[in-house]
Amino acid sequence: MPLPEAFDYAEPEGMGLELGDQVAAPLGPRLLRGVVVALRDAHGGNRPLKPVEAVLEEPRLPPGTVEFVQWAARYAVDWPGQPLAIALRGARAPKPRPLKVLEATGAAPARMTPAREKVLVAAASHAHSAAELARAAGVSAGVVKALADEGVLAVRYLEPEESFPTPDPSRPGPALSASQAAAAQALRDMVGERRFGVALLDGVTGSGKTEVYLEAAAAALGADPDAQVLVLLPEIALTQAVISRVADRFGAEPGEWHSDVAPPARRRVWEAVAAGRCRIVVGARSALFLPFRKLSLVVVDEEHDASFKQEEGFIYHARDLAVARAKIEDAAVVLASATPSLETLRNAEQGRYRWLRLEGRHGEARLPDIDVVDLRETPPEPGRWLSPPLVAAMAETYGRGEQTLLFLNRRGYAPLVLCKACGERLTAPDTDSWLVEHRYTGRLVCHLTGFSMPKPAACPHCGSKDSLVSIGPGVERVEEEARERFPDARIAVFSSDTVFDAREGKRLIEAMAAGEFDILVATQAAAKGHNFPNLTLVGVVDADLGLRGGDLRAAERTYQLLAQATGRAGRREKPGRALLQTWAPEHAVMAALKAQDRDAFVAAEMAEREAAGLPPFGRLAAVVASGTDPVQLEDFVRAMAQAAPNSPGVEVYGPADAPLGLVRGRRRKRFLVRSDRTVDLSAYMATWRARVKPPASVRVAIDIDPYSFL
Ligand code: ADP
Ligand code: ZN
């Protein structure tokens with residue numbers, strides 16, 4: 001509930017409440033689920049309190065989780081109910097059904113055949129359903145059924161939690177290189193201290209960071225039979241790859257947690273984590289709110305990735321909250337990246353984090369050569385997007401039977417549809433954003449709100465027929481061009497429009513890794529983290545794309561993304577190369593990528609941020625006020641500006657019209673607040689928020705450390 005703080009209730013005689021209990025409690029006329037966040041003796045209070053109705057038969061939230069939820073709410077300047085709802089997401093999902101398995105009863109079959117023997121061997125190894133048993137034994141379903149009918153096998157219902165496997169940390173990992181071994185030892189030492197500590201694991205793509213942090217996980221699991229490990233990843237597609245590697249390393253599937261996991265499976269993970277039976281979780285950002293009983297290690301892989309920032313609902317950055325949670329739980333944190341965020345690098349430089357650097361790529365693999373294609377000198381032909389040097393490189397690569405990745409971080413066919421008769425640019429009806437053309441579906445889509453409509457035959461503005469033209473490329477259009485140029489090549493597209501769920505994504509990634517495609521056209525969803533052994537060419541179609549928005553992190557983010565994308569090439573014995581198509585080859589980002597000189601780029605960025613007092617040298621917070629009534633909104637933001645507390649080291653800018661001035665029919669206004677690092681900016685924002693109450697038509701969202709400035 002959107003309440004500023006927890007309410008007090010009386011504990012009925014003999015109920016025996018404990019911190020973290022889930023209870024039913026009255027609120028007005030309703031009975032709601034609540035969590036006990038504090039217990040105190042209140043004899044002699046003068047207010048009669050309503051009693052708690054009942055303790056729910058649900059797992060108790062561990063004290064660390066209760067504390068973390070409250071800490072997160074305070075940090076994000078939001079109602080505690082928001083993070084609590086995330087923490088209870090698994091508890092509110094439907095329970096999984098028991099598994100029906102067949103087990104040997106001990107009765108001997110009337111007649112033994114080789115097929116029957118195989119079934120009995122498989123049944124003895126572990127619990128299988130009838131279908132799994134037939135598959136494991138390589139026999140027909142009829143053989144299994146006959147054994148069941150005879151009473152040799154009997155049905156048993158396994159409670160799902162029994163089927164959560166225990167990881168075995170003593171299984172050996174690969175032999176580590178000297179620099180990997182040194183980093184792994186430093187992580188083992190940190191984990192061994194059993195208190196809060198943070199390490200930055202810094203190494204180029206393919207340097208073996210995953211292998212190294214799995215060693216830290218092994219140390220944590222091995223040191224304590226109750227210890228739990230959490231691995232956070234920015235993309236669902238990446239969780240799939242890491243789940244397989246964890247399963248290989250420890251001989252047990254980890255718990256999987258992200259928005260694509262079905263509710264009953266989520267509930268199973270949630271309960272097993274709460275009971276301490278699930279010891280490793282691999283998941284997306286919200287896994288951070290799971291009710292860990294004994295969290296020993298949190299790994300944030302690709303820690304620089306902006307997808308860790310949750311921008312809607314409860315606004316938080318999972319990397320920052322991971323560090324906060326680890327502090328509460330006395331746990332260790334590993335932040336892994338080839339291109340760490342400036343925030344993390346600053347902490348490492350200042351010695352607050354241990355800084356572990358891996359040398360180069362593992363084994364024979366070399367970093368790709370990176371070249372810049374100057375589009376001013378060698379532009380593509382009109383209406384095309386691949387320049388002659390890139391096409392020539394693709395032809396060479398294809399001729400050698402090797403793979404190309406074309407990277408363009410833009411979904412759909414064309415980012416803009418324009419009427420050549422009247423100049424109208426097609427936008428969504430209630431939102432300030434251009435409609436993106438999708439050819440697969442024949443629709444125009446607003447990527448911000450999901451609004452879509454069929455592509456009209458005539459211009460909605462002037463009525464001209466056949467006057468609408470598609471401007472610029474998205475992945476679908478690049479695929480079209482690739483097919484025209486390489487008609488015999490096997491080509492696939494990877495974007496969130498062509499890949500609908502985690503399994504589909506995994507299948508496509510595996511097919512690419514197995515060499516089933518010659519060319520993959522992909523957005524960032526496929527450009528991160530994966531190993532494609534036969535991929536030797538990466539073409540970045542529009543290297544300037546991310547620089548155009550011009551916000552605080554535009555250069556940093558472009559550098560990170562392109563370093564990731566180009567890092568996909570040459571991950572095995574074969575050398576790789578990457579070509580960046582750009583109109584601005586002299587830009588610092590392109591120069592740094594070409595020279596592979598991250599440190600020089602970081603130093604220049606740091607100097608600029610320091611001069612401006614921007615993160616990581618200062619703090620930022622944003623306020624977005626939105627409303628359906630423009631007059632009420634204007635009055636409110638004016639009142640808010642007046643109410644801003646005067647505080648040394650804090651500057652308030654705004655209100656200003658947001659660059660995205662209209663979203664889903666709501667007008668938007670923004671404030672930006674900058675403060676020195678020494679200021680408790682969350683406390684400042686909470687004070688400010690409490691001073692002005694918005695009218696019912698206005699919503700206020702506070703964003704601590706904003707990543708979006710739209
Ligand atoms: P990163 O996480 O830094 O991108 P990975 O851990 O994915 O790197 O390693 C890249 C590839 O090299 C993977 O296929 C991995 O299995 C392999 N690799 C890394 N270190 C070793 C090692 N010590 N022994 C064998 N293979 C390794
Ligand atoms: Zn028109």
Side-chain angles (χ1 to χ4, degrees), residues 172-185 187 200-218 231-235 237-249 282 299-305 334-340 356-368 416-427 435 444 455-471 509-510 512-514 527-535 560 563-574 576 598:
L176 299 179
S177 71
S179 105
Q180 289 175 336
Q185 191 53 46
L187 292 183
L200 165 59
L201 183 57
D202 180 357
V204 296
T205 52
S207 57
K209 296 184 292 298
T210 311
E211 300 295 348
V212 171
Y213 73 63
L214 290 179
E215 292 301 312
V231 180
L232 287 178
L233 291 143
E235 305 263 351
L238 286 182
T239 61
Q240 300 304 305
V242 171
I243 284 168
S244 310
R245 289 178 69 171
V246 167
D248 287 349
R249 179 70 174 76
V282 177
V299 177
V300 184
D301 200 353
E302 311 290 357
E303 70 85 30
H304 62 277
D305 199 297
V334 176
L335 306 177
S337 176
T339 51
L356 310 173
R357 296 190 86 148
L358 297 181
E359 302 296 331
R361 284 195 157 174
H362 176 70
E364 296 298 299
R366 293 285 157 266
L367 275 177
L416 173 64
V417 178
L418 178 133
C419 170
K420 60 180 189 249
C422 73
E424 172 82 354
R425 296 161 170 208
L426 268 55
T427 59
L435 289 173
L444 304 183
K455 189 177 178 190
C459 170
H461 189 65
C462 70
S464 303
K465 284 226 167 8
D466 300 323
S467 68
L468 296 178
V469 287
S470 312
I471 307 291
I509 296 288
E510 281 170 0
M512 179 69 182
K528 297 174 187 171
H530 303 291
N531 287 313
F532 301 125
N534 199 34
L535 175 68
Q560 289 162 341
Q564 274 292 328
T566 55
R568 292 310 106 212
R571 305 254 305 182
R572 289 288 156 84
E573 302 74 30
K574 295 172 188 157
R598 185 188 93 189

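Just so you know, ligand 1 is whichever comes first in the structure, and atom 1 is the first atom listed for that ligand.
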Rounding to 0.5 Å, atoms CG (Asp202) and CD (Glu303) come to a distance of 9.0 Å
Salt bridge check, Arg245 against Glu211: does any charged N sit closer than 4.0 Å to a carboxylate O? yes
Judging by distance only, is a nitrogen or oxygen of Ala175 under 3.5 angstrom from one on ligand 1? yes
What part of Pro174 sits under 4.0 Å from ligand 1 if we count only heavy atoms: the side chain, the backbone, both or neither? side chain
For the Zn ion (ligand 2) the protein N, O or S atom count under 2.8 Å stands at 4
Dump the intermediate steps for salt bridge (charged side-chain N to carboxylate O under 4.0 Å, His left out) on Arg249 and Glu215, then the final yes or no. CA-CA 9 Å; Arg249 179 70 174 76; Glu215 292 301 312; 2.8 Å; yes
Of Leu444, Leu418, Leu416, the residue whose pairing with Leu426 passes side-chain contact (heavy atoms from CB on, under 4.5 Å): Leu444
Glu302 versus Glu235: any side-chain heavy-atom pair under 4.5 Å? no
Distance col, row Leu232:CG vs Asp305:CG, nearest 0.5 angstrom, shows 12.0 Å
Mark yes or no for whether Ser179, through its side chain, and Glu359, through its backbone, hold a donor-acceptor pair below 3.5 Å. yes
Just jot down the ligand 1 atoms closer than 4.0 angstrom to any heavy atom of Gly208, in number order. 1 (P), 3 (O), 5 (P), 6 (O), 8 (O), 9 (O), 19 (C)
Which ligand 1 atoms, with their elements, are less than 4.0 angstrom from a heavy-atom of Leu176? 23 (N)
State, to 0.1 Å, how close Pro234 and Asp301 come at their nearest heavy-atom pair, and which atoms those are. CD-O, 3.5 Å
Test your reading of the model: is there a side-chain donor-acceptor pair from Arg598 to the backbone of Ala338, 3.5 Å cut-off? yes
Which of the atoms in ligand 1, numbered in the order shown and given with their element, are less than 4.0 Å from a heavy-atom of Val204? 3 (O)
Output yes when the distance from some N or O of ligand 1 to some N or O of Ser177 is under 3.5 Å, and no in every other case. no
State if Val212 counts as touching ligand 1 under the rule of any non-hydrogen atom under 4.0 Å. no
Looking at ligand 1, does Gly206 have a heavy atom less than 4.0 Å from it? yes
Quick check: does any side chain N or O of Lys209 sit under 3.5 Å from a backbone N or O of Gly203, one acting as donor and the other as acceptor? yes
Which ligand 1 atoms, with their elements, are less than 4.0 angstrom from a heavy-atom of Arg245? 5 (P), 6 (O), 7 (O), 15 (C), 16 (O)
Side chains of Leu435 and Val417 in contact at under 4.5 Å (non-hydrogen atoms): no
Would you check the N or O atoms of Thr205, main chain and side chain alike, for any that come under 3.5 Å of an N or O of ligand 1? no
